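Accompanying notes for the structure given below.
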Amino acid sequence: MSQDKTPVSPVASDIVSPDIVWHSHALDRKQRETANGHPAFVIWFTGLSGSGKSTLAGALEQTLFLQGIKTYLLDGDNVRHGLCSDLGFSEADRRENIRRVGEVSKLMVDAGLVVLTAFISPNRAERQKVRELMQAGQFIEVYVDTPLEVCEARDPKGLYKKARAGELRNFTGIDAVYEAPEQPDIYLDGSQPVETLIEKLLFILKSDGILPA
């Protein structure tokens, strides 16, 4: 993991009002990491709808929890019930959805947690913006590469069926583009069993020193 950095205030152009100032707190991320016994970072699962992102994120969170790792899972559908309930599915709203999730993830990392997210997040540029919110090594992009035909056969929410029938517009993989990661931090073949992929994830996270062995 990268060395800790002293928080800096946002640049003036990012500040809504001159009355808003950045406050440094007595406790910092490094102290929380020490107390928790592990580093804090984001594991960002990306892939098509039905690729297995949520299933993998949930299974990994359970495994990490049993190992004493303090985690929190941000799921795409759950976030849209509250934090992003005012957003639709236009291109602009999808960008805002990911921006908000990125900012929340950053706060949770500062709280010393391992944050798992499961979002299609189809645009490379938006995923890169979230990466840039974090310090080096704090954003781990996991690409769940599952063929479209497999995702469509699974279709757990019936979304592909609606998209094919023209009832659902701008659906990623059908009439909207998914930009696959060119160099993901971790690549997973989403057609493999969940247990196999969890073992691979844990092996990489621990062998790379991201999590304690």
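Source: prediction; values computed, not measured.
Remark: side-chain polar atoms of Y160 are paired, donor with acceptor, to backbone N or O of S49 under 3.5 angstrom. At distances below 3.5 Å, not a single donor-acceptor pair connects side-chain atoms of N36 with backbone N or O atoms of I69. Remark: the backbone N or O of P181 is not paired with any side-chain donor or acceptor of R124 at under 3.5 angstrom. One N or O on the side chain of D28 and one on the backbone of Q31 form a donor-acceptor pair closer than 3.5 Å.
Partners of R95 under the salt bridge (Lys or Arg N to Asp or Glu O under 4.0 Å) rule, at least two apart in sequence or in another chain, are E91. Annotation: salt bridge (Lys or Arg N to Asp or Glu O under 4.0 Å) contacts of D185 (sequence neighbours excluded): R131. With sequence neighbours excluded, the residues satisfying side chain to side chain contact (heavy atoms under 4.5 Å, CB included) with P212 are H38, P39. Not a single side chain to side chain donor-acceptor pair (under 3.5 Å) links E167 to another residue, sequence neighbours left out. Qualifying salt bridge (Lys or Arg N to Asp or Glu O under 4.0 Å) partners for R127, counting only residues two or more places apart in sequence or in other chains: E141.
In the hydrophobic clustering, where aliphatic and aromatic side chains (Ile, Leu, Val, Met, Phe, Trp, Tyr) are joined below 4.5 Å either directly or transitively, V150 stands alone.
Cluster membership for V130 and L74, using ILVMFWY side-chain heavy atoms within less than 4.5 angstrom, is shared. Hydrophobic clustering, with ILVMFWY side chains joined whenever heavy atoms are under 4.5 angstrom apart, keeps L60 apart from Y72. Taken together through direct or relayed side-chain contacts under 4.5 Å among Ile, Leu, Val, Met, Phe, Trp and Tyr, V101 and I43 form parts of separate hydrophobic clusters. Residues I204 and V194 share a single hydrophobic cluster, defined by chaining ILVMFWY side chains whose heavy atoms lie under 4.5 Å apart.
In terms of heavy-atom proximity, G190 sits nearest to T146 at CA-OG1, 3.1 Å. Residue V144 comes nearest to K53 through the heavy atom pair CG2-CG, 4.3 Å, listed as atom of the first residue, atom of the second, then distance. Between P122 and V177, the shortest heavy-atom distance links the atoms CB-O, 3.6 Å.
The side-chain heavy atoms of E152 and K161, taken from C-beta on, include no pair separated by under 4.5 Å. At least one side-chain heavy atom of M134 sits less than 4.5 Å from a side-chain heavy atom of S105. Taking 4.5 Å as the limit, some side-chain heavy atom of Q138 sits within range of a side-chain heavy atom of R29. The shortest distance between side-chain heavy atoms of I140 and V42 does not fall below 4.5 Å.
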Please step through side chain to side chain contact (heavy atoms under 4.5 Å, CB included) for the pair I186 and F45, ending with a clear verdict.
CA-CA 9 Å; I186 299 176; F45 289 90; over 6 Å; no
Stepwise, does the side chain to side chain contact (heavy atoms under 4.5 Å, CB included) test hold for L188 with D145?
CA-CA 6 Å; L188 298 178; D145 184 10; over 6 Å; no
E96 and C84: CA distance, side-chain angles, deciding distance, side chain to side chain contact (heavy atoms under 4.5 Å, CB included) verdict
CA-CA 9 Å; E96 174 61 13; C84 298; over 6 Å; no
Residues H25, L27; criterion side chain to side chain contact (heavy atoms under 4.5 Å, CB included); working and verdict
CA-CA 5 Å; H25 301 294; L27 290 175; 5.5 Å; no
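Judged as a side-chain hydrogen bond (donor to acceptor under 3.5 Å, both in side chains), the pairs with a partner in residues 198-213 (not counting sequence neighbours) are, in order, Q67-K206. For residues 188-197, the pairs satisfying side-chain hydrogen bond (donor to acceptor under 3.5 Å, both in side chains) are D189-S191, with sequence neighbours left out. Applying the ring-ring contact (aromatic ring centres under 6.0 Å, His included) test to pairs two or more places apart or on separate chains, those with a residue in residues 182-213 are Y143-Y187. A ring-ring contact (aromatic ring centres under 6.0 Å, His included) check over residues 76-121, counting only residues at least two apart or in different chains, returns the pairs W44-F119. For residues 173-182, the set of pairs meeting the side-chain hydrogen bond (donor to acceptor under 3.5 Å, both in side chains) definition, not counting sequence neighbours, comprises T46-Y178.
More than 12 heavy atoms of other residues, nucleotides or ligands sit less than 6.0 Å from atom CD of E132. Within a 6.0 Å sphere centred on CZ of R100, heavy atoms belonging to other residues, nucleotides or ligands number more than 12.
How far CG of D93 is from CG of L87: 5.0 Å, rounded to the nearest 0.5 Å. A distance of 9.0 Å separates CZ of R99 from CG of L133, quoted to the nearest 0.5 Å. In this structure, the separation between CG on L205 and CG on L201 is 6.0 Å, given to the nearest 0.5 Å. One finds the OG atom of S54 at 7.0 Å from the CG atom of D77 (value rounded to the nearest 0.5 Å). Between the CD1 atom of I120 and the CD1 atom of I98 there is a distance of 9.0 Å, given to the nearest 0.5 Å. Taking CG of L168 as the start and CD1 of I174 as the end, the distance is 9.5 Å to the nearest 0.5 Å.
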Side-chain donor-acceptor distances from residues 106-118 under 3.5 Å, at least two apart:
none

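Checked by atom type, the side-chain pair R154/T55 shows no donor-acceptor distance below 3.5 Å.
Of the listed residues (L56, L202, V142), just one forms a side-chain contact (heavy atoms from CB on, under 4.5 Å) with L197, and that residue is L56.
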